[in-house]
There are 2 protein chains.
Amino acid sequence: MSQQYPSVLLEKAVGEFAKLPGIGRKTAMRLVLHLLRQDLQTVEAFGNAVITLKREVKYCKVCHNISDTDVCQICSNSSRDASTVCVVENIRDVMAVENTQQYKGLYHVLGGVISPMDGVGPSDLQIESLVERVKSGTVKEVILALSSTMEGDTTNFYIFRKLAPYDVKLTMIARGISIGDELEYTDEVTLGRSIVNRTVFTGTM
Amino acid sequence: MSQQYPSVLLEKAVGEFAKLPGIGRKTAMRLVLHLLRQDLQTVEAFGNAVITLKREVKYCKVCHNISDTDVCQICSNSSRDASTVCVVENIRDVMAVENTQQYKGLYHVLGGVISPMDGVGPSDLQIESLVERVKSGTVKEVILALSSTMEGDTTNFYIFRKLAPYDVKLTMIARGISIGDELEYTDEVTLGRSIVNRTVFTGTM
């Protein structure tokens, strides 16, 4: 059932919000009416924040992470280990790994994973520039930290083949049961792999 | 745990989205990154739609509904019954009633309900202008269609008192069990009221 909007401007604004992923027309209406109750300055701050971001955003020349500068804070931080590069799918994955505070190396943001179904091939991703980074010789280890999906696995294998000619250690983040998981609720594939890839118990978890 | 954003512009845009009701920082991040993947034109259309709405929106002089013109499409529609006015809380309620296609009269948008807890008093609502509309003499019936809450009831009673001196029929939308509801799952208060306010059975539902 098509709704009758009392105003064309309102309908347009609701339509724009409803294009966002996971936002339906009802939620869009609620958000737009919320903004309408704020003063003009607040609404302008909202609208312009995203326009400014899109206009002025830069991507790090080295790792392709979002950055305000040509080379990002992580890549330009000399106290980080430049010999280790963690390959991730997107910016959110960089933030997720950073939040663990367990990693002190650099990153390489692919911008996606190989997915023929979605029309994403290797040339759409930052794989060539990863090969160039490895070629340059400073990188000793490349850690593959992609999603454990068909597309992630395909991408892992593609990178493995691309980096095979070079003298670099290629590792993959561990797959196994999550911390806090109960065995009986873990899926068979994960549990099976976690037995095959068991590690030496050293007395610490 | 505070997240480290790789870009100040990104953090600002995420912050603006996270101010919206029901949007947390994770969802905000997802929405902003989605917009960042669109081209500049799309992002500008999004940002400007809501700014333009806020700048240029008008409210109908008669019923206070959102409108692109001084008097809204509903109030200026001569085929509608100008002697009946349905009092609602907000614009969404106008759209909800319109969607039923059961109502051919006009509306009066209060802009809220009396709620001392939220600092909303009668003077913050369009109650005076409702009294003025009734005073002018064309209105024969005022239908109260507010939420069935404490605040809605308070507002109903306030309007009842305000309109008492005038020769106008004051009605309230029916409260009872919802169509499709099963009796055993209906709350006591609603079921009790629906028995007290029973209507004559005429053979049609």
Side-chain angles (χ1 to χ4, degrees), chain A residues 1 3-17 19-23 26-27 29-40 42-58 60 65-69 72-74 90-92 94-96 98-99 111, chain B residues 1 3-17 19-23 26-27 29-40 42-58 60 65-69 72-74 90-92 94-96 98-99 111:
Chain A
M1 196 166 70
Q3 282 207 309
Q4 267 269 298
Y5 287 84
S7 148
V8 178
L9 294 174
L10 176 70
E11 183 168 8
K12 211 171 152 191
V14 171
E16 288 294 336
F17 269 82
K19 282 184 201 163
L20 296 175
I23 307 275
K26 280 219 166 176
T27 307
M29 183 77 179
R30 200 163 49 86
L31 297 178
V32 169
L33 290 183
H34 169 85
L35 282 170
L36 206 49
R37 279 194 298 272
Q38 315 304 310
D39 54 30
L40 181 59
T42 309
V43 177
E44 285 180 336
F46 173 84
N48 288 328
V50 69
I51 296 175
T52 308
L53 172 67
K54 180 65 193 179
R55 272 207 195 118
E56 297 178 12
V57 73
K58 286 180 183 149
C60 174
N65 192 8
I66 275 187
S67 173
D68 292 330
T69 45
C72 76
Q73 289 164 1
I74 295 175
N90 58 42
I91 298 149
R92 273 182 289 173
V94 173
M95 291 174 66
E98 280 297 286
N99 276 336
Chain B
M1 194 165 71
Q3 283 206 307
Q4 267 269 298
Y5 287 86
S7 148
V8 178
L9 293 173
L10 177 69
E11 183 168 10
K12 210 170 153 192
V14 171
E16 288 293 336
F17 269 82
K19 283 184 201 162
L20 296 174
I23 308 275
K26 279 219 167 176
T27 307
M29 182 77 178
R30 200 162 49 87
L31 297 178
V32 169
L33 290 184
H34 169 86
L35 281 170
L36 205 50
R37 278 195 298 272
Q38 315 304 309
D39 54 30
L40 181 60
T42 310
V43 177
E44 285 180 336
F46 173 85
N48 287 327
V50 69
I51 296 175
T52 308
L53 172 67
K54 180 64 193 179
R55 272 206 195 120
E56 297 178 12
V57 74
K58 286 180 183 151
C60 173
N65 191 8
I66 276 187
S67 174
D68 293 329
T69 45
C72 76
Q73 289 165 1
I74 295 175
N90 58 42
I91 298 149
R92 274 183 289 173
V94 173
M95 290 173 68
E98 280 297 286
N99 275 337

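In the text below, chain A, chain B and the rest are named by the order of the sequence lines, each starting its count at 1.
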**Asked** To the nearest 0.5 Å, what is the distance between CD1 (A/I91) and CE (B/M29)?
**Response** 6.5 Å

**Message:** Rounded at 0.5 Å granularity, tell me how far CD in B/E11 sits from CD1 in A/I66.
**Reply:** 12.0 Å

**Request:** Examine whether an atom of B/L10 lies under 4.5 Å from a heavy atom of chain A, and if so say whether it belongs to the side chain, the backbone or both; otherwise answer neither.
**Result:** both

**Prompt:** Quick one: of A/R37, A/R30, A/E16, A/R92, who has the most non-hydrogen atom pairs under 4.5 Å with chain B?
**Reply:** A/E16

**Request:** Determine the option with the most heavy-atom pairs under 4.5 angstrom with chain A, choosing from B/T27, B/V57, B/V50, B/V94.
**Result:** B/V50

**Item:** Segment of A/K19 engaging chain B (4.5 angstrom heavy-atom cut-off)
**Value:** backbone

**Message:** Donor-acceptor check, side chain of B/K54 to backbone of A/Q38, threshold 3.5 angstrom: yes or no?
**Reply:** yes

**Message:** Return the CG to CG distance between B/L36 and A/N90, rounded to the nearest 0.5 Å.
**Reply:** 11.5 Å

**Asked** Could you state the interatomic distance from CZ (A/F17) to CG (B/L31), rounded to the nearest 0.5 Å?
**Response** 9.0 Å

**Prompt:** Roughly how far apart are A/L9 CG and B/K58 NZ, rounded to 0.5 Å?
**Reply:** 9.5 Å

**Request:** Assess whether atom CD of B/E44 is packed by more than 12 heavy atoms of other residues, nucleotides or ligands within 6.0 Å.
**Result:** yes

**Request:** Under 4.5 Å heavy-atom distance to chain A, tell me which part of B/N65 shows up: side chain, backbone, both or neither.
**Result:** side chain

**Message:** For the CG atom of A/L20 and the CZ atom of B/F46, what is their distance to the nearest 0.5 Å?
**Reply:** 5.0 Å

**Fill in**
Of B/I74, B/V32, B/D68, the largest count of non-hydrogen pairs under 4.5 angstrom with chain A goes to B/D68

**Request:** Test side chain to side chain contact (heavy atoms under 4.5 Å, CB included) on A/N48 and B/I51 and set out the steps.
**Result:** CA-CA 9 Å; A/N48 288 328; B/I51 296 175; 3.7 Å; yes

**Request:** Sort A/E98 into side chain, backbone, both or neither according to what part of it lies under 4.5 angstrom from a heavy atom of chain B.
**Result:** neither

**Prompt:** Would a 4.5 Å heavy-atom cut-off, applied to side chains only, mark B/P6 and A/M95 as touching?
**Reply:** yes

**Interface residue of largest heavy-atom contact number with chain A, from B/P21, B/G111, B/A13, under 4.5 Å** = B/P21

